[in-house]
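As structure tokens, the structure follows; a few thoughts come after it.
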2 protein chains.
Amino acid sequence: MAKIQKVAELAGVSTATVSRALAGKPSVSPTTRARVEKAAKELGYVVSASASSLASGRTRNIGVVTPLLDTWFYMKVLSGAQHALLDAGYDLTLYHLDANLGMDLPAQANPRRRRLFEEFLRRKRVDALIAVSLELDAAELDSMRGLGKPVVCVGGPLPGVPTLSIDDHAIARLATDHLLSLGHRHIAHIAGDPDFELDFHLPATRRAGYEEALAESGVEADPLLVRSADFTIAGGYDATLQLLGDPRVHPTAIFAASDEMAIGAILAARDLGKEVPGDLSVVGIDGHDLADFFALTTVDQFPEVQGRRAVERVLHELDGDSSEPANEELPYELVVRKSTAAPRAPREG
Amino acid sequence: MAKIQKVAELAGVSTATVSRALAGKPSVSPTTRARVEKAAKELGYVVSASASSLASGRTRNIGVVTPLLDTWFYMKVLSGAQHALLDAGYDLTLYHLDANLGMDLPAQANPRRRRLFEEFLRRKRVDALIAVSLELDAAELDSMRGLGKPVVCVGGPLPGVPTLSIDDHAIARLATDHLLSLGHRHIAHIAGDPDFELDFHLPATRRAGYEEALAESGVEADPLLVRSADFTIAGGYDATLQLLGDPRVHPTAIFAASDEMAIGAILAARDLGKEVPGDLSVVGIDGHDLADFFALTTVDQFPEVQGRRAVERVLHELDGDSSEPANEELPYELVVRKSTAAPRAPREG
DNA sequence: AGCCCCAATGTAAACGCTTGCACCGCTCGG
DNA sequence: CCGAGCGGTGCAAGCGTTTACATTGGGGCT
């Protein structure tokens, strides 16, 4: 016999009332509700998720898809999302595409990704999806819409999908303008590796912001001052070695597209006997946990907030309040620490 | 009408056969199976997870509980577990206790933790649990056993629960012996913060291994050579500053209980103008992604493998093959890089 | 040729809830 | 004084599978 039945008997009501009382529905008298809750507690009764889902069509479970997992940024986003979901009484099912494999291939060719869309999402396992830094193609979007499940993207914008995006262009400008306002004129840029475009052409966007900032300050962009790296400390280190070793250029500052690369830059500078910020200013993007330790000036993009906001958004969609603006801007903030300062050499025009 | 019905009709069989065919049961003729699969594909049919769970009692979903999320180690374990589960066709539901809050209180006092056991696990949401670095108390264990769901712990041992544990004592000995064998006699230890005992008294165990190794080599342990830190780079940095600044001791090597602390030690040494490994050897534990970059000698504990192994184990339990040894040892390996070398000063007796 | 057995399939009873609809007093306005 | 309206409940029909058990049709044996 369905266990809810026992509770109903103990409380002297029908199963319907038990269901309603435990679900917090309004149409139950306070007295009855109390009686039901007492009975449930007494019997150690907890609603069966599968039965409930089957009957109601809702799972109280939302899926989060990320390209990678063992990365500071995605971790943070995930962490933020998990918190928010927990507080809302939802479970979080994790799905990650190990983007390292086959992200260069067309989406359909990544087996994990195929599976995500062909099985995972259709199984009624989740009520909605949060896709982090994922560019869904048309077929995938149709697939989602066909299921009638809300999708929220973090890191868009993606046509037709509610998206939380951060203004990468503006962030890059902010970082670059910070250096310019300190008086720097020879500003190098360690860009994200364009082959590594998980996100929405993020490397290109940030680079564009950098170049725009330069242009607007009347500084000519020198291609020799731009290097690509893979978003890691090691990558930033190498790129900086190249930059500082090249006799044709003499950067007084580096704007790295991620904090890890910026930290690599600081370490490289030190190894070359240069002082930061005396000989070289460094600014990054992220708000990485290590930024404080390395006294790194950075543009914090609050990844945990991104996760939390995505959850709020998706829950709204589930409530049917989908009449909101399709896109939301995520917050960011310049955090000035000791890795940036005015250039030591006299400024030049 | 149940969707499976449509498939049944299209394939000209009963729903029972469709169910069996799609579940890969053996008692279906190849011909029929093919017909069913074709029909299913044609209709875009996918089994409803909730209906399936309700009917079968299985969810094909397993829960992973970690104390923290935004930490390199748990990330890696999680990543390994997710991979393995995906390959086995299982979903992974994430639950993390934000151990920062209330981990010092008795288990029952942590609200998240209460909730985990009182709701999450009883809801028939998961078939089994993997608990990472979590010390369950008696009530919690009973709770799990009462539900008849397998639990596997990573980082035990825990009485009565299959556990994958790493021999922290041996790891610490290995690291320390490595330094001893290079000729070091003044070996400092940066221990994990004992107030931060998420895992099973890991800091104490590692410290014990360190002391035992010293003792066995006839080196007297000096309490002044042991400092505690919080497992972070910053923590390791500070501890090293203390260690190297203390006029009463002159360590030629440091064994840090985590790679991050070891990296902090390397950075601190550099800042004090000491060379690594010339003036100071440093060894860590973890196999951190950054170890290679910092040329850090470490004992790799393969966290991703830990995640994977936990999954394998739990799936075995689900298959009923619970006749295995209760505890398994996890692999570890000394990886020698350039942060350790013989002490520069002549050895003393 | 007759029988037994097994493989392959069908039948139908769960699985444990949710929820539309019906129903029952009551209060309240007319 | 009566009917409408409404808060609070109960009834029972699903929700979409899985699976124990029954059934069927051959093939191999004696």
Side-chain angles (χ1 to χ4, degrees), chain A residues 1-37 39-40 43-61 89 119 121-127 147-149 318, chain B residues 1-37 39-40 43-61 89 119 122-127 147-148 318:
Chain A
M1 178 202 344
K3 306 195 175 169
I4 194 175
Q5 184 71 24
K6 303 216 165 195
V7 180
E9 281 164 13
L10 215 194
V13 296
S14 72
T15 62
T17 301
V18 173
S19 175
R20 287 190 275 250
L22 262 30
K25 298 263 163 91
S27 63
V28 177
S29 77
T31 342
T32 311
R33 188 186 302 278
R35 205 141 28 91
V36 170
E37 279 166 355
L43 297 175
Y45 171 78
V46 177
V47 177
S48 150
S50 21
S52 175
S53 303
L54 178 56
S56 70
R58 270 169 270 112
T59 64
R60 291 198 81 70
N61 186 27
E119 292 181 27
L121 296 179
R122 311 181 71 105
R123 282 215 188 170
K124 292 198 156 212
R125 281 272 174 106
V126 296
D127 291 340
L147 296 177
K149 310 214 168 156
L318 283 174
Chain B
M1 178 200 344
K3 306 195 174 173
I4 196 176
Q5 184 72 21
K6 303 216 166 196
V7 180
E9 281 164 15
L10 216 193
V13 295
S14 71
T15 61
T17 301
V18 174
S19 175
R20 286 189 278 250
L22 263 29
K25 298 263 162 91
S27 63
V28 178
S29 77
T31 344
T32 310
R33 188 185 303 277
R35 204 139 31 88
V36 170
E37 278 166 356
L43 297 175
Y45 171 78
V46 177
V47 177
S48 150
S50 19
S52 175
S53 304
L54 178 56
S56 70
R58 271 169 269 112
T59 64
R60 291 197 81 71
N61 187 26
E119 292 182 26
R122 309 181 74 105
R123 283 214 189 173
K124 291 199 157 209
R125 281 272 175 106
V126 297
D127 291 340
L147 295 178
L318 283 174

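Every chain is numbered from 1, with letters handed out A, B, ... down the list of sequences.
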Tell me which of B/V13 and A/S48 sits closer to the 5' end of DNA chain C, going by the nucleotide each one is nearest to.
B/V13
Distance in angstrom units between [X] [atom1] and [N] [atom2], rounded:
X	N	atom1	atom2	result
A/K3	C/dC17	NZ	P	8 Å
B/R60	D/dT18	CZ	P	11 Å
B/R35	C/dT9	CZ	C1'	11 Å
A/L54	D/dA13	CG	P	17 Å
B/Q5	D/dC15	CD	P	12 Å
B/E9	D/dG16	CD	P	14 Å

Is the phosphate of C/dT9 approached by B/T32 (side-chain N or O, under 4.0 Å from OP1 or OP2)?
yes
Does B/D127 reach the main-chain N or O of B/R60 with its side chain, forming a donor-acceptor pair under 3.5 Å?
yes
Side-chain heavy atoms of [X] within contact of [Y], under 4.5 Å:
X	Y	result
A/R33	A/V36	no
A/T59	A/R125	no
A/E37	A/L22	yes
A/S27	A/R20	yes

Contact class for B/S27 vs. all strands (heavy atom < 4.0 Å): base, sugar-phosphate, or nothing?
base
Would you say the side-chain atoms of A/S50 and A/S53 include a donor-acceptor pair closer than 3.5 Å?
no
All N/O pairs under 3.5 Å across the protein-nucleotides 18-24 of chain C interface:
from, atom 1, to, atom 2, distance (Å)
C/dT18, OP1, A/S52, OG, 3.2
C/dT18, OP2, A/S19, OG, 2.2
C/dT18, O5', A/S19, OG, 3.4
C/dT19, OP1, A/R58, NH2, 2.4
C/dT19, OP2, A/K25, NZ, 2.8
C/dG20, O6, A/R20, NH1, 3.4

